[in-house]
Amino acid sequence: MSSREAILANIHKNIPLSTSMELPDTNIPHMSYPNKEEQFSTALSSVGGNAIWLGSERVDDFVARSYKDLSVIVSTATDYSNSTKDTNTTDDPHTLDDVDLAIIKAEFAVAENGAVWVK
C-alpha cells in the first residue's frame with residue numbers, strides 16, 4: 001500500500017458516523033468598548049488605515065471633496081453614483097489595474113488587519 005493510500009484509508013476509517021455535532025457554547029464574555037467607533041479608528045490607525053465617519057454627509061459629496069484629483073473611481077455601493085468606470089462590464093480583473101479608488105460596501109470590518117467582509 002502506498003503512503004497516499006494509507007493516509008486515505010486512515011481518513012476513511014476515522015470519519016465520524018454522525019456529522020451532526022453539538023455547536024460550541026457562544027454565550028461567553030466578549031470584549032466590549034464604551035466607544036466602538038473610537039476603538040475601531042484607533043486600531044485601524046495603528047496598522048496604517050484611516051476611518052472616516054460620514055454621519056449625514058453623502059458618500060458622493062465626501063468623495064468629490066476629498067478625492068477630486070483621482071481620475072478612475074469604481075463602486076459597488078448603491079449609494080454612490082459617480083463611478084468613472086463600470087465594473088460590471090468586465091470579468092477580467094486586469095482591466096481594473098488603473099483604479100485609483102474603490103468604494104465597496106462591506107458587512108463588517110476588522111481594524112487590526114484592514115480586512116472587510118464583502119457579500
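Note that this is a predicted model, so its numbers are computed, not measured.
Taken to the nearest 0.5 Å, the CD1 atom of I103 stands 4.5 Å off from the OH atom of Y80. To the nearest 0.5 Å, atoms CZ (F40) and CZ (F108) are separated by 11.0 Å. For the atom pair I7 CD1 and N10 CG, the distance stands at 8.0 Å (nearest 0.5 Å). Between the CG atom in N88 and the OG1 atom in T76 there is a gap of 9.0 Å [rounded to 0.5 Å].
The 12-atom threshold is not exceeded at CZ of R4, counting heavy atoms of other residues, nucleotides or ligands nearer than 6.0 Å. For D91, the CG atom counts as loosely surrounded, since its 6.0 Å shell holds 12 or fewer non-hydrogen atoms of other residues, nucleotides or ligands. Around atom CD of Q39, more than 12 heavy atoms belonging to other residues, nucleotides or ligands sit under 6.0 Å away.
Proximity of a side-chain donor or acceptor of S46 to a complementary backbone N or O of A43 within less than 3.5 Å is detected. Judged purely by atom type and a 3.5 angstrom limit, S41 uses its side chain to pair as donor or acceptor with the backbone of E37. In this structure, the side chain of E5 engages the main chain of S2 through a donor-acceptor pair within 3.5 Å. At distances below 3.5 Å, at least one donor-acceptor pair connects side-chain atoms of T84 with backbone N or O atoms of S71. Side-chain atoms of S83 come within 3.5 Å of backbone N or O of S75 as a donor-acceptor pair.
Heavy atoms only, all atoms of each residue included: V72 and K85 are closest at CG1-CD, 4.0 Å. In plain terms, the two heavy atoms of M1 and A6 that are nearest each other are SD-CA, 3.5 Å.
I52 is connected to Y67 through a chain of hydrophobic side-chain contacts under 4.5 Å among Ile, Leu, Val, Met, Phe, Trp and Tyr, so both are in one cluster.
Each of L70, V74, D69 was checked for a side chain to side chain contact (heavy atoms under 4.5 Å, CB included) with D100, and the lone residue meeting it is L70. The only member of D98, D92, D97, T90 that meets side chain to side chain donor-acceptor pair (under 3.5 Å) when paired with H94 is D92.
In this structure the side chain of L54 reaches within 4.5 angstrom of the side chain of V59, judged on heavy atoms.
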